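This one's a predicted model, so the numbers in the text were calculated from it and none came from an experiment. Atoms considered below: every heavy atom in the structure, side chains included; atoms not considered: hydrogens, waters and symmetry mates.
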Amino acid sequence: MTNVPALAEQIDALLRQRGVPERAAQEQRYLKSELDHYGTSVPAVRAVVKELTGKLPLHHDELIALAELLWAEPVHERRAAAAELLEQRVDQVRADDIDLLEQLLRESRTWALVDNLAASVVGPLVEREDSLGEVLDRWAADPDFWIRRSALLAHLIALRQGRGDFERFTRYADAMLEEKEFFIRKAIGWILRDTGRLRPELVYEWLLPRASRAAGLTVREAVKYLTAEQRATILAARG
């Protein structure tokens with residue numbers, strides 16, 4: 001059995017040790033964060049989690065308990081470490097953890113935490129647990145735009161790799177296409193862009209009849225991997 005509280009404190013100590021005060025102040029301003037910041041870089045957070053937990057035989061309940069302990073303190077790097085821990089062991093995350101993941105997403109309030117949780121933890125979980133599609137459907141209509149963004153980003157990795165449920169993603173995207181929120185517009189464009197790496201025709205055919213409704217930001221992202229002719233046709237359709 002792993003001493004989970006002690007492990008959480010070891011992770012915290014190493015995160016503090018690798019933090020840079022100047023970076024902490026800059027990052028807090030940039031993210032407009034109300035959390036405390038140690039100034040530990042993303043690669044350093046990733047390395048700390050791997051160094052201290054990578055070879056440990058954590059079982060599921062220990063994994064979840066450790067993530068919750070790290071998250072409990074209002075420190076950005078601790079919460080980033082919790083997200084990284086769940087990503088590194090995403091195969092151990094179960095369908096019945098979805099309520100916890102939703103709680104973490106609601107408490108994140110920044111892309112710097114939401115995006116990793118949504119794309120790299122929720123995404124793979126939903127891909128192997130079809131029943132969770134109903135949860136994404138609910139998220140896609142949630143009043144909180146971070147939860148709506150999470151419903152979109154849960155499709156990112158699978159679509160980027162040539163798999164995934166493009167129909168479900170585009171159903172969400174179609175409903176959100178005219179939203180004013182930057183982080184929604186950016187997410188739609190980002191996912192279309194990455195889908196277009198392997199399947200440009202799929203993106204082109206979906207986006208063309210919607211070009212006049214989509215925000216400029218969304219279109220600029222989405223057309224990146226389309227042919228020059230396809231890009232020109234979509235831009236012309238915007239009027």
Side-chain angles (χ1 to χ4, degrees), residues 26-37 42 45-46 64 67-68 70-88 90 93 95-127 129 132-160 164-165 168-195 214-218 220-222:
Q26 293 170 358
E27 190 172 69
Q28 192 170 32
R29 286 194 300 270
Y30 173 65
L31 295 176
K32 300 178 182 178
S33 174
E34 297 179 358
L35 300 174
D36 293 330
H37 284 250
V42 172
V45 170
R46 186 175 298 122
I64 297 303
E68 290 180 309
L70 289 169
W71 193 275
E73 297 296 325
V75 177
H76 175 78
E77 286 81 359
R78 285 180 64 114
R79 294 187 172 188
E84 183 62 35
L85 173 69
L86 292 170
E87 179 183 355
Q88 290 185 13
V90 71
V93 180
D96 58 5
D97 297 320
I98 195 66
D99 289 344
L100 172 63
L101 295 176
E102 181 173 339
Q103 175 192 334
L104 302 187
L105 287 165
R106 289 190 183 280
E107 295 175 357
S108 293
R109 315 304 304 166
T110 173
W111 61 267
L113 295 171
V114 165
D115 291 6
N116 196 21
L117 284 167
S120 301
V121 182
V122 175
L125 176 61
V126 170
E127 191 177 7
E129 298 285 352
L132 295 180
E134 294 181 1
V135 174
L136 291 190
D137 289 348
R138 175 171 57 80
W139 288 6
D142 197 276
D144 185 341
F145 73 81
W146 291 116
I147 299 300
R148 297 199 303 279
R149 179 177 169 94
S150 298
L152 295 167
L153 289 180
H155 297 84
L156 176 65
I157 293 176
L159 291 175
R160 174 191 290 159
D165 191 339
R168 186 184 293 272
F169 160 69
T170 52
R171 175 156 48 86
Y172 299 167
D174 204 22
M176 300 184 209
L177 200 58
E178 294 167 279
E179 286 200 26
K180 304 299 184 185
E181 173 55 54
F182 169 85
F183 287 103
I184 295 297
R185 292 178 168 186
K186 181 74 171 180
I188 295 171
W190 178 12
I191 297 163
L192 288 171
R193 180 195 71 194
D194 281 22
T195 303
L217 170 63
T218 300
R220 286 193 298 274
E221 289 288 326

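Atom OG of S33 is separated from atom CZ of R79 by 9.0 Å, given to the nearest 0.5 angstrom. The distance from the CD atom of E27 to the NE2 atom of H76 is 4.5 Å, given to the nearest 0.5 Å. Atom CD of E68 is separated from atom CD of Q103 by 7.0 Å, given to the nearest 0.5 angstrom. Note that the CH2 atom of W146 and the OG1 atom of T110 stand 5.5 Å from one another [nearest 0.5 Å].
When each of L100, L113, L85 is paired with W71, the side chain to side chain contact (heavy atoms under 4.5 Å, CB included) condition holds for L113 and for no other.
D194 is linked by a side-chain contact (heavy atoms from CB on, under 4.5 Å) to L156, R160, W190, R197, counting only residues two or more places apart in sequence or in another chain.
The closest side-chain donor-acceptor pair between Q28 and H37, if any, does not fall under 3.5 angstrom.
The residues E181 and R148 are annotated as not salt-bridged, no charged nitrogen and carboxylate oxygen being separated by less than 4.0 angstrom. Look at E102 and R106 and you find a salt bridge, because one of the NZ, NE, NH1 or NH2 atoms lies within 4.0 Å of a carboxylate O, short of that distance. Between D144 and R109 there is a salt bridge, with a side-chain nitrogen of the basic residue lying less than 4.0 Å from a carboxylate oxygen of the acidic one.
Taking the six-membered ring for Trp and thresholds of 30 and 60 degrees, F145 and F183 have nearly parallel ring planes, at less than 30 degrees apart.
Using a 4.5 Å heavy-atom threshold, the side chains of L35 and E77 count as separate. For the pair D97 and L86, the minimum side-chain heavy-atom distance is 4.5 Å or more.
No side-chain donor-acceptor contact under 3.5 Å links R78 to the backbone of E73.
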